[in-house]
**Student:** 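Supplied in structure tokens, the structure appears directly below.
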Amino acid sequence: MNASEDSLKYPVGRPQLPNGPLTAAEHTALIQQIADLPAQLTAAAKAVGGVGLERPYRPGGWNGRQVIHHVTDSHLNAYVRFRLALTEDNPTIKPYEEAAWAELPDVAATPITVSLTLLEALHSRFVTLLHHLTEEQWQRTFYHPGNQRTSTLDQTLALYAWHGRHHLGHLQLLQA
């Protein structure tokens, strides 16, 4: 992949996950990114417009509609992964085929406002949960069999804050 393709695929760069515990200030900043995402995605979708959301953000990439529905699908899974890690000892989570989910008929048939509303409600619950975690809870883990990796909730917070910025960047590419 050349530099131009890489900047289209990763408009905010690739994810950088922490190797150790995050500080309280880092938690606060990342949680705020999660909290801000629904309004940012809604504003970006409005800026792109209905017809613009049917265009892919890069050759071979998803269209804007798919991106918005994907973010909601992905963050639903993230919320469940957090709750599993908080209530079970290093649970093995269930991966899902993101590309296949993006092609399901509800993605084309459902207005993006449904997913944006769902994301807003989900993030309200998610942010409340995140604000109440103890330092010990941030170090709880789950195992992802798809990438054969055990992740802490600290790492997962950083990943999903990045994930939101990443796909917001894709929508902003459609505004150009």
**Student:** Any donor-acceptor pair under 3.5 Å linking the side chain of Arg140 with the backbone of Glu88?
**Tutor:**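 Checking the backbone N and O of Glu88 against the side chain of Arg140, a donor-acceptor pair under 3.5 Å is found.
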**Student:** Going by heavy atoms in the side chains, are Leu157 and Ile34 under 4.5 Å from each other?
**Tutor:**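 Result yes, sub-4.5 Å side-chain heavy-atom pair found.
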**Student:** Indicate yes or no: at least one non-hydrogen side-chain atom of Glu103 is less than 4.5 angstrom from one of Val107.
**Tutor:** no
**Student:** With a 4.5 Å cut-off on side-chain heavy atoms, are His167 and His75 touching?
**Tutor:**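 Result no, sub-4.5 Å side-chain heavy-atom pair not found.
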**Student:** I want to check something: taking the side chain as every heavy atom from C-beta on, are Ser74 and His163 in contact at a cut-off of under 4.5 Å?
**Tutor:**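 Touching, per the 4.5 Å side-chain cut-off.
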**Student:** Determine whether Thr152 and Trp138 make a side-chain contact, defined as any pair of heavy atoms from C-beta on separated by less than 4.5 Å.
**Tutor:** no
**Student:** So does Thr110 get a backbone contact from the side chain of Arg65, meaning a donor-acceptor N/O pair under 3.5 Å?
**Tutor:** yes
**Student:** Does atom CG (Asp89) have a neighbourhood of more than 12 heavy atoms from anything else shown, all under 6.0 Å?
**Tutor:**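 Counting neighbours around CG of Asp89, 12 or fewer heavy atoms of other residues, nucleotides or ligands fall under 6.0 Å, so no.
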**Student:** Just say parallel, tilted or perpendicular for the rings of Tyr57 and His170, cut-offs at 30° and 60°.
**Tutor:** parallel
**Student:** Between Asn63 and Arg55, is any pair of side-chain heavy atoms under 4.5 Å apart?
**Tutor:** no
**Student:** Counting only heavy atoms from other residues, nucleotides and ligands, does the tally under 6.0 Å from CG of Asn147 exceed 12?
**Tutor:** yes
**Student:** Is the backbone N or O of Ser115 less than 3.5 Å from a side-chain atom of Thr72, with the two atoms forming a donor-acceptor pair by type?
**Tutor:** yes
**Student:** Would you check if the side chain of His131 reaches a backbone N or O of Phe126 as a donor-acceptor pair within less than 3.5 Å?
**Tutor:**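 Flag not set: sc His131 to bb Phe126 has no pair under 3.5 Å.
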**Student:** Is any side-chain heavy atom of Pro21 closer than 4.5 Å to one of Gln139?
**Tutor:**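 Counting from C-beta outward, Gln139 and Pro21 do come under 4.5 Å.
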**Student:** Is any side-chain heavy atom of Tyr10 closer than 4.5 Å to a side-chain heavy atom of Trp162?
**Tutor:** yes
